[in-house]
Each structure stands twice: as structure tokens, then as C-alpha cells.
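Following: one structure in C-alpha cells, then a few remarks.
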Amino acid sequence: MEHENPRIAQLYGKWMDRSASEQEMEELFSLLKESGLESGQYNPLLKENWDNTMQSPPPFEERHRKMVETILEKYPGNTETIAPVKKLMPWRNWWAAALLLLAVGFGIYHKLHTAGNATVKETIVKNDILPGSNGAILTLADGTQVLLDTIANGTIQLQGGIAARVVNGTLLYEAQDGPAQWNTITTPAARQFQLILPDGTKAWLNAQSAIRYPTAFSGNERRVEVSGEVYLEVSHDKTRPFLVQVNNSAVVEVLGTRFNINAYTNEDAVRTTLLEGSVAVREASTGKGDNQPAMLEPGEQAIAPHIPSGKPLSVLPVDTEKVIAWKNGMFNFEGMGLQETMRQLERWYNIQVVYEGTPPVMQFFGKIERNTPLSAVLEALKGFGLNCKMENQTLLISR
């Protein structure tokens, strides 16, 4: 059944010309709810404006995006089960998409809610792919491997009488005397891990990442090797610079600072993002060009190709909160394309994404907690026009 309401038309007009207040948006939300608008059954006025707006999308504006998010936060139908996905929004013209979220998206979340929390949780337990967790593989200098997934607290014996401790799931090395042994921490898909190096430097590893390091730092420098994505808080030591070898692509030199390195080989480049302090980023030596470093300031990111080119590195300002969202337990998909979004899900849920046909070009805006089961993420994606089908560990995506 379709509903006509002059007040909806008036409020929708204010929304479209960007003059609606938060109170008027709340009233519009309430009227849409009372009208029983659900997916595929929204008011002809909204559909007409949706179709027209899709042909010439108006510019995105932060104020109205935040306004809708605020309203959704206040909506009493949201529960803990569905709250983590309510902010994921595709870009396909935000003015119309906001109304789609209110009218169509409401139906998605409302149905999840009215199904009952017990039913939703039971489905997740029986059929869901759960999110990643804390864990890693420690490889010692002699090749011995130690699975760290189930060790919350304890002591691990290394070579040469050296020991490391696991404290609340974090591997802790303390300063040692004697010759150094090289160890490696590797996180498989659906795992993340934190360790503290012998100099006090803290390292967080995202899924499918690795860091190789000595059990003791000696000489006039501290050197480690990383791949995948690693966030580092380097202990300050002005007499010994901290050097990070990134795959075979770049070298990052610091004294004491906080920064993130994203060096996944299936991403388009190696990206080093500085949050605090200063770093110098240069390509690995190739014998070409002058190999001059790029000096970063907080809030900047250096972009290096996976295969060194000898050309100057690109340096751009970035949203550091978005870059380290993974370390803080979040997915941040602000302005992110579909394929990059799917690569993050592949790593964290240990799945493979297959596109049926050409992957659609679209952008998302929003955040999701990383402790969200995959089914809740897929429910949100379905609400944005994507067909998502799980077959064992493979996610089939079509439009």
C-alpha cells in the first residue's frame, strides 16, 4: 500500500534544498516509520526524487550525513546486535541515499530487530563466519614455530637461554645481553597481534602481516623488517635510529614516533602514514635516481611503488583516524571503493571474494566494528543493492 502525506513532501523538499533542521529530519523519519515504508514500497514522491537525483547527483555534505547518523543513533529500534552496521552507507548520491536509508534501510534493520535478538544470535552461532581474533605464529631463529593463539600469559623459551613473556596476549621482549637471534611474528588471515620489542617499541600487526626483528638491538641502529600492515610506536633513542625495511620496496627511518605502514602486495602501493614525530621514507636502493627520502609531518602519507622506480615519492595529507581504524578495532570505509573494502573483509574473515561479472564502481561511507560477524556486514551490503551469497568460505558478489 502506498501513502501520500503532504508533510512528508514538505520535509523532503527541505531536505533536498539542504534547509532541514535536525528536528525536521526527526519528524520526517517518524512520518516515514508511521507510513509503513519498507524496501520496495516507498512513497511515489520519494521514488520520483530518487530517480531524478540519481541522474544529476548533488554534492555530498558532511552536515547532513552526520545529521542522519545522529537520528539513527536516537532511533530506539536499534540494538547491540545491529548497531555496528548502521553507519555503512554507499556514496551513490547521498541526498537520495539518505532517504533510502531512512525509508528502505529502516526496513532492513527493523526486520532484524523484530526477528528477536535470540533468533539473530542463534543464526550467527550456527551459520556465521565470526570475525578475526588475537593470535599469531612465532618463528624462532632455528625455524621452530610457536602458536600464540591460545597463550594469554606465560613464558616462552627462545634460543641461547633467552626468554620472552606473553602478558595479556601481548608478546614482551626485554633487553638482553649477548648475541641477537632473529625472530619473526606472522599473523594469518583472521588474526591480529601485538608485541613489545627489546627496546620498548610497540608493534601491532594486522591480519596477514609479519615483522622480523632481533631479540636484542646492538650497534648504532635498530632494524626490523615488515610486510602486510603494521602500526609502530617507536621508543625514542636519538643515538640509534629505528629502521624499517618494508618488503623490498622502501625503508622508513625514525627516532621516536608513531606511524602506520600498509604494504600489502595486493594493494596499489606501499603507504607510510605518520601520526606523531617525524620519519624519512625512501625507496629501497635500485641504483636508479638519487633515492632522496620524503620527509613526513604528522597527518601525511608517503606513497611508494611496490617496485622501486627511482622517482620521488608522493606525499599527501590523509585522515589518520581512518588509516589506523583497524588497530582501534574498527573498519573505516569512508570514501572507500568496493574492491578495497572487500580486500579488508577477506583478510579479517578469512574468506575469498569472487565477483560475478564486472565489479560495480561504488564508494562507501561509514564505520563498522571489527568484532561484527560477517552476516551483519553482508546484511548491510544487501541493503545497498549488492547481491551477496556465501558458499563455504567464498563470498559471491553481483549487482
Side-chain angles (χ1 to χ4, degrees), residues 18 50 53-54 56-73 84-102 105 206-207 229 231 259-264 266-275 296-305 313-349 353 355 358-370 372 376-386 388 395 397 399:
R18 314 178 201 183
W50 166 266
T53 313
M54 283 302 300
S56 69
F60 174 82
E61 186 168 311
E62 181 76 3
R63 170 178 170 263
H64 282 75
R65 180 171 69 86
K66 288 185 175 180
M67 187 182 293
V68 173
E69 290 181 357
T70 300
I71 294 168
L72 287 175
E73 290 280 3
V85 301
K86 67 178 177 298
K87 290 185 179 179
L88 180 62
M89 305 174 188
W91 177 82
R92 292 186 62 200
N93 136 36
W94 221 90
W95 302 113
L99 262 294
L100 186 67
L101 180 64
L102 292 173
N206 203 348
E229 185 163 27
Y231 171 84
F259 61 101
N260 189 83
I261 296 174
N262 185 319
Y264 289 114
N266 63 349
E267 299 295 347
D268 62 351
V270 175
R271 298 174 183 271
T272 302
T273 306
L274 180 64
L275 284 81
L296 297 187
E297 295 184 359
E300 291 183 335
Q301 180 180 89
I303 303 172
L313 303 184
S314 300
V315 177
L316 300 172
V318 293
D319 179 356
T320 57
E321 180 184 351
K322 176 182 176 182
V323 171
I324 66 165
W326 69 268
K327 180 249 178 188
N328 296 327
M330 299 291 296
F331 290 112
N332 187 327
F333 297 133
E334 293 287 326
M336 190 175 293
L338 174 64
Q339 289 174 282
E340 184 180 356
T341 299
M342 291 299 108
R343 288 194 293 270
Q344 291 201 18
L345 298 184
E346 283 181 317
R347 297 178 195 123
W348 189 234
Y349 293 96
V353 174
Y355 300 95
T358 303
V361 178
M362 58 192 306
Q363 283 184 302
F364 294 98
F365 288 90
K367 303 174 184 178
I368 300 178
E369 295 175 4
R370 274 165 61 106
T372 303
V377 180
L378 298 186
E379 194 66 44
L381 295 176
K382 291 175 184 177
F384 307 136
L386 288 176
C388 306
L395 172 60
I397 297 286
R399 196 63 187 269

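FYI, side chains are in, hydrogens and waters are out, and symmetry mates aren't considered; it's all heavy atoms of this structure.
By the ring pair (Phe, Tyr, Trp, His ring centres under 6.0 Å) test, Tyr349 pairs with no residue at all, sequence neighbours left out.
Residues Leu386 and Pro360 form a side-chain contact, since some pair of their non-hydrogen atoms from C-beta on lies under 4.5 Å apart. Side-chain contact between Met336 and Gln363: absent, with no pair of heavy atoms (C-beta onward) separated by less than 4.5 Å. A 4.5 Å side-chain heavy-atom check between Ile397 and Cys388 finds at least one atom pair inside the cut-off. Between Leu345 and Val353 there is no side-chain heavy-atom pair separated by less than 4.5 Å. Between Phe331 and Thr341, the closest side-chain pair of non-hydrogen atoms is not below 4.5 Å. Two residues are said to be in side-chain contact when any heavy atoms from C-beta on lie closer than 4.5 Å; Tyr355 and Leu338 meet this criterion. When side chains are defined from C-beta on, Glu300 does not count as touching Leu274, because their heavy atoms never get closer than 4.5 Å.
Between Glu267 and Arg347 there is a salt bridge, since at least one side-chain N of the basic residue sits less than 4.0 Å from a carboxylate O of the acidic one.
Panel note: side chain Gln301, backbone Leu316; no donor-acceptor pair is recorded below 3.5 Å. Without hydrogens or angle criteria, Trp348 side chain to Arg370 main chain gives a donor-acceptor distance under 3.5 Å. Using a distance-only test at 3.5 Å, with no hydrogens or angles considered, a donor-acceptor pair links the side chain of Lys322 to the main chain of Glu334.
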